Each structure stands twice: as structure tokens, then as C-alpha cells.
Amino acid sequence: MWCDTARMPRLVGPVDARVAVFFMVWAIHMSWFTFDVSLIGMVVFSILPYFGISMTNAFRWVSQKIAGKQLHAGDPVWKYRNRCGL
């Protein structure tokens, strides 16, 4: 029962099953804009495994780029002062 739990869920060939979330977005709100966004999302996340990037790693990379570098409480202030414009 647990022998296939580490494998990636697949729909057809190299297409990841989690890409179906984009199809669900389009199915809930059918318009040409959501169709285009869903199609672009499906293509992008179907191409990522070709380059050896998983979907979870792609989401982590995007969230890191949005949130910026993490600052720790123990880091000295002078180290990051130039970044803040002070």
C-alpha cells in the first residue's frame, strides 16, 4: 500500500497531476482570461520537470523572491543598514 507514496502524481506522461489545479480555476470561472492564465500555468509547470525543478521547489523560489531575504534577530544592524536606506 505504501510502496508508491514517494512517486510524483502524474496525469499523462510528464504532466504533473497538481497542474490540474489550474484547470479547476478555469472550470470554476470560465472566461478567456482564466483560460489563458490556466494554460500558461499548465505549460510552465509541465516544463519545470524537464529542467529538474519540482513544483514545490518552484513555489518556494517564487515565495522567497516575493518575501525577500530573511533577517534574523541576532544579526547585527550595521550589516543590513545600507539595504534599508538609512
Side-chain angles (χ1 to χ4, degrees):
M1 181 167 136
W2 291 97
C3 63
D4 292 332
T5 57
R7 295 186 183 178
M8 296 294 288
R10 301 282 180 201
L11 282 177
V12 177
V15 179
D16 195 352
R18 291 174 286 192
V19 172
V21 172
F22 293 108
F23 175 74
M24 291 300 297
V25 168
W26 176 72
I28 291 171
H29 181 74
M30 287 188 182
S31 69
W32 286 110
F33 176 73
T34 54
F35 176 74
D36 293 339
V37 169
S38 300
L39 189 65
I40 290 170
M42 287 182 194
V43 168
V44 166
F45 286 112
S46 297
I47 291 174
L48 284 177
Y50 176 76
F51 295 108
I53 302 170
S54 67
M55 186 180 272
T56 54
N57 289 342
F59 281 128
R60 285 180 187 162
W61 182 79
V62 169
S63 66
Q64 177 196 11
K65 293 299 178 188
I66 291 172
K69 187 173 180 179
Q70 183 179 9
L71 301 177
H72 299 286
D75 290 341
V77 177
W78 57 266
K79 197 172 183 182
Y80 300 104
R81 188 168 292 165
N82 291 336
R83 274 188 57 197
C84 298
L86 298 175

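What you see below is based on every heavy atom in this structure, not just the backbone, and it leaves out hydrogens, waters and symmetry mates. Every value quoted in this text rests on a predicted model; they were computed, and no experiment measured them.
- The nearest pair of heavy atoms linking I53 to A58 is CG2-N, 4.1 Å.
- Between the side chain of T34 and the main chain of W26, no donor-acceptor pair closer than 3.5 Å is present.
- L48 and I66 fall into different hydrophobic clusters, where Ile, Leu, Val, Met, Phe, Trp and Tyr are joined by side-chain heavy atoms under 4.5 Å apart, directly or via other members.
- Taking hydrophobic clusters as Ile, Leu, Val, Met, Phe, Trp and Tyr residues chained together by side-chain heavy-atom distances below 4.5 Å, I40 does not share a cluster with M24.
- Separating the CZ atom in F35 from the CZ atom in F22 is a distance of 14.0 Å, to the nearest 0.5 Å.
- Relative ring orientation between F45 and F59 is described as tilted, the plane-to-plane angle lying within the 30° to 60° band.
- Linking Ile, Leu, Val, Met, Phe, Trp and Tyr whenever their side-chain heavy atoms come within less than 4.5 Å leaves M30 and F33 in two separate clusters.
- No chain of hydrophobic side-chain contacts below 4.5 Å, direct or via other Ile, Leu, Val, Met, Phe, Trp or Tyr residues, connects I47 to V37.
- The hydrophobic cluster containing V21 does not contain V62, counting ILVMFWY residues as joined when their side-chain heavy atoms lie under 4.5 angstrom apart, directly or transitively.
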